[in-house]
Enquirer: 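Below: one structure in structure tokens.
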Number of protein chains: 2
Amino acid sequence: MKQQELIAQVTEYFTRYLEEHQQRKTDERFILLEEIYSRNDHFDAEKLFEDIKRKKHRISRATVYNTLELLVQCQLVKKHQFDHTQSLFEKSFGYRQHDHIICKNCNKVVEFCDPRIQQITSKMGELLDFTIDNHTLILYGLCGDCLRDQTKKKS
Amino acid sequence: MKQQELIAQVTEYFTRYLEEHQQRKTDERFILLEEIYSRNDHFDAEKLFEDIKRKKHRISRATVYNTLELLVQCQLVKKHQFDHTQSLFEKSFGYRQHDHIICKNCNKVVEFCDPRIQQITSKMGELLDFTIDNHTLILYGLCGDCLRDQTKKKS
DNA sequence: GTGCATGCAAATCCTTTGCAGTGAT
DNA sequence: ATCACTGCAAAGGATTTGCATGCAC
């Protein structure tokens, strides 16, 4: 199964990262890694905490936050700030770089890729004397469904 | 003086907006508008509140937040979520659309424009059936100064 | 055995809310 | 005179912190 292979791969990657950085290989960290790589959504820390609890694991909120930060550091997880409320996370290993479109009405999130972003990144880095290693592009608008709903209501 | 002309312009714009939306023209709202258009930085609500207080105006934090939201609605102010802490704001009238590069080490923010973003926006909107009216692009990296400092330290 | 990681709860930070009082219309 | 706006303080939500305990090394 594909999911299982991916989990095996990131587990190995994470193990190596922890060893190289002399950090402890605790059960909690691997349970969280596996849970994250078993899902395909954008989740917040609380949701992860709840889902882990539902599966009868006893991991504290603090550990969830700590581990998420660790996973962001080793680039196994990407952290997003779509609005001023909670941060959202998603797995990022073996996932091609992508950006997001968000519907302001129903909050639907759609992912997309465009090679021009890479061009902008390298050109601007050079122009402004920055070494860019990361970016966030979010497009906000109305999805087709919501647009049609709103048009209908008005008429 | 250029700054004064801009303030006169946005004051008129804001006045019209308030009248059209049947909202009250209070002193607090215009004092905040003027303060915001007198600065050229990215500021948070607390900083605005403090600076207003330092100038001997008595405007509550709640009014600062309310007015910022109102100004965002009428597009006189743009709100940014650069990280998970406070939101940052900047004036947006008579200011060409721009994006941001942020140094992860010294937090310096530099603005830039690239016409390709507009192309991406319209192409993706069409492709994914969205009506896009807004976007955020942030590039993260190290500025030249910080890069040189870090290289120096290691050697 | 040592000291980093965890669990829990309290603390903190930013923002929103409730409500009484004020002032724009 | 009405009721939207303000000020104040309390509440709220997300995240961080402090400290005692436990477990990876």
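To find a chain, count down the sequence lines: A is the first, B the second, and so on, and within it residues start at 1. Computation of the quantities below employed the complete heavy-atom set of this structure, encompassing side-chain atoms and omitting hydrogens, waters and symmetry-equivalent molecules.
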Enquirer: Between residues 7-18 of chain A and DNA chain C, which residues have a heavy-atom gap below 4.0 Å?
Expert: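 When residues 7-18 of chain A is checked for heavy atoms under 4.0 Å from DNA chain C, there are no hits whatsoever.
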
Enquirer: Which residues in residues 78-88 of chain B have at least one heavy atom lying under 4.0 Å from any atom of DNA chain C?
Expert: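 Residues of residues 78-88 of chain B under 4.0 Å from DNA chain C: B/Q86, B/S87.
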
Enquirer: May I have the step-by-step check of side-chain contact (heavy atoms from CB on, under 4.5 Å) for A/E111 and A/H42, ending in yes or no?
Expert: CA-CA 11 Å; A/E111 302 178 353; A/H42 296 92; 3.4 Å; yes

Enquirer: So for the helix from C/dG1-D/dC25 to C/dT25-D/dA1, with five pairs setting each end axis, what is the inter-axis angle to 10°?
Expert: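 The value is 30°.
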
Enquirer: Near DNA chain D, which residues from residues 52-71 of chain B have a heavy atom under 4.0 Å away?
Expert: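 Those residues are B/R58, B/I59, B/S60, B/A62, B/T63.
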
Enquirer: Using a heavy-atom cut-off of 4.0 Å to chain A, what are the terminal contacting nucleotides of DNA chain C, in 5' to 3' order?
Expert: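 With heavy atoms of chain A under 4.0 Å away, the range is C/dG3 to C/dT16.
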
Enquirer: Between the protein and nucleotides 22-25 of chain D, are there any N/O to N/O pairs under 3.5 Å, and if so, what are the atom names and distances?
Expert:
unit_1	atom_1	unit_2	atom_2	d
D/dC25	OP1	A/K25	N	3.2

Enquirer: Test of understanding: with side chain to side chain contact (heavy atoms under 4.5 Å, CB included), list the residues that count as partners of B/E69, not counting sequence neighbours.
Expert: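 Side chain to side chain contact (heavy atoms under 4.5 Å, CB included) check on B/E69 returns B/Q73.
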
Enquirer: Keeping to residues at least two apart or across chains, list the ring pair (Phe, Tyr, Trp, His ring centres under 6.0 Å) pairs with something in residues 123-146 of chain A.
Expert: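 Every candidate ring pair (Phe, Tyr, Trp, His ring centres under 6.0 Å) pair involving residues 123-146 of chain A fails, so no pair, neighbours aside, qualifies.
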
Enquirer: Under a 4.5 Å side-chain heavy-atom rule over Ile, Leu, Val, Met, Phe, Trp and Tyr, are A/L128 and B/L142 clustered together?
Expert: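 No, it is not one cluster - the side chains of A/L128 and B/L142 are not joined through contacts under 4.5 Å.
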
Enquirer: Would you mind reading off the distance between B/R29 atom CZ and D/dG7 atom C1', rounded to a whole angstrom?
Expert: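 Atom-to-atom, B/R29 to D/dG7, this comes out as 14 Å.
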
Enquirer: Please work out which residues in residues 30-50 of chain B have a non-hydrogen atom less than 4.0 Å from an atom of DNA chain D and list them by number.
Expert: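 Of all residues in residues 30-50 of chain B, none places a heavy atom under 4.0 Å from DNA chain D.
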
Enquirer: Might you work through the side-chain contact (heavy atoms from CB on, under 4.5 Å) test for A/L71 and A/F89, ending with a clear yes or no?
Expert: CA-CA 10 Å; A/L71 290 169; A/F89 302 86; over 6 Å; no

Enquirer: Please check if the side chain of B/K25 supplies one atom and the backbone of B/E19 the other of a donor-acceptor pair under 3.5 Å.
Expert: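 Side chain of B/K25 to backbone of B/E19: no pair is present.
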
Enquirer: Would A/F43 and A/D51 satisfy side-chain contact (heavy atoms from CB on, under 4.5 Å), going step by step from the backbone distance to the final call?
Expert: CA-CA 10 Å; A/F43 57 90; A/D51 289 348; over 6 Å; no

Enquirer: Count the heavy atoms of every other residue, nucleotide or ligand shown that sit under 6.0 Å from CD of A/Q75, and state whether that count exceeds 12.
Expert: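 Atom CD in A/Q75 is not crowded, with 12 or fewer foreign heavy atoms closer than 6.0 Å.
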
Enquirer: Does A/L137 offer a backbone N or O that forms a donor-acceptor pair with the side chain of A/D99 under 3.5 Å?
Expert: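 Checked: pair present.
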
Enquirer: Could you pull out every donor-acceptor pair under 3.5 Å between side chains of residues 119-126 of chain B and any protein atom, sequence neighbours left out?
Expert:
unit_1	atom_1	unit_2	atom_2	d
B/Q119	OE1	A/R116	NH1	3.2
B/T121	OG1	B/I117	O	2.9
B/S122	OG	B/Q118	O	3.1
B/S122	OG	B/Q119	O	3.3

Enquirer: For the pair A/F14 and A/Y17, name the ring-plane relationship: parallel under 30°, tilted 30 to 60°, perpendicular over 60°.
Expert: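 It falls in the parallel class, under 30°.
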
Enquirer: Aromatic rings A/Y13 and A/F93: how do their planes relate, parallel, tilted or perpendicular, breaks at 30° and 60°?
Expert: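 Tilted.
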
Enquirer: Could you tell me whether A/R58 and A/E28 have a side-chain N and a carboxylate O separated by less than 4.0 Å?
Expert: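 Salt bridge absent between A/R58 and A/E28.
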
Enquirer: For B/H84, give me all partners under side chain to side chain contact (heavy atoms under 4.5 Å, CB included), at least two apart in sequence or on another chain.
Expert: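 Once residues adjacent in sequence are excluded, the partners of B/H84 under the side chain to side chain contact (heavy atoms under 4.5 Å, CB included) criterion are A/K79, A/Q81, A/S87.
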
Enquirer: List the steps, then state whether side-chain contact (heavy atoms from CB on, under 4.5 Å) holds for B/I36 with B/L68.
Expert: CA-CA 10 Å; B/I36 291 168; B/L68 279 171; 3.9 Å; yes

Enquirer: Can you tell me how far the CD atom of B/Q3 sits from the CD atom of B/E34, to the nearest 0.5 Å?
Expert: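 Between B/Q3 CD and B/E34 CD, I get 9.5 Å after rounding to 0.5 Å.
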
Enquirer: Any sub-3.5 Å donor-acceptor pair from B/R39's side-chain atoms to B/L48's backbone N or O?
Expert: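 Not at all, since once roles are kept as given, no pair shorter than 3.5 Å links the two residues.
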
Enquirer: State which residues pass side chain to side chain contact (heavy atoms under 4.5 Å, CB included) with A/S92; sequence neighbours excluded, sorted by chain then number.
Expert: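 Listed in chain order: A/K78.
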
Enquirer: Is there side-chain contact between B/L70 and B/N66, with at least one heavy-atom pair below 4.5 Å?
Expert: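 Side-chain contact under 4.5 Å: no.
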
Enquirer: Should A/K47 and A/D41 count as side-chain neighbours, where that means a heavy-atom distance under 4.5 Å?
Expert: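 Result yes, sub-4.5 Å side-chain heavy-atom pair found.
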
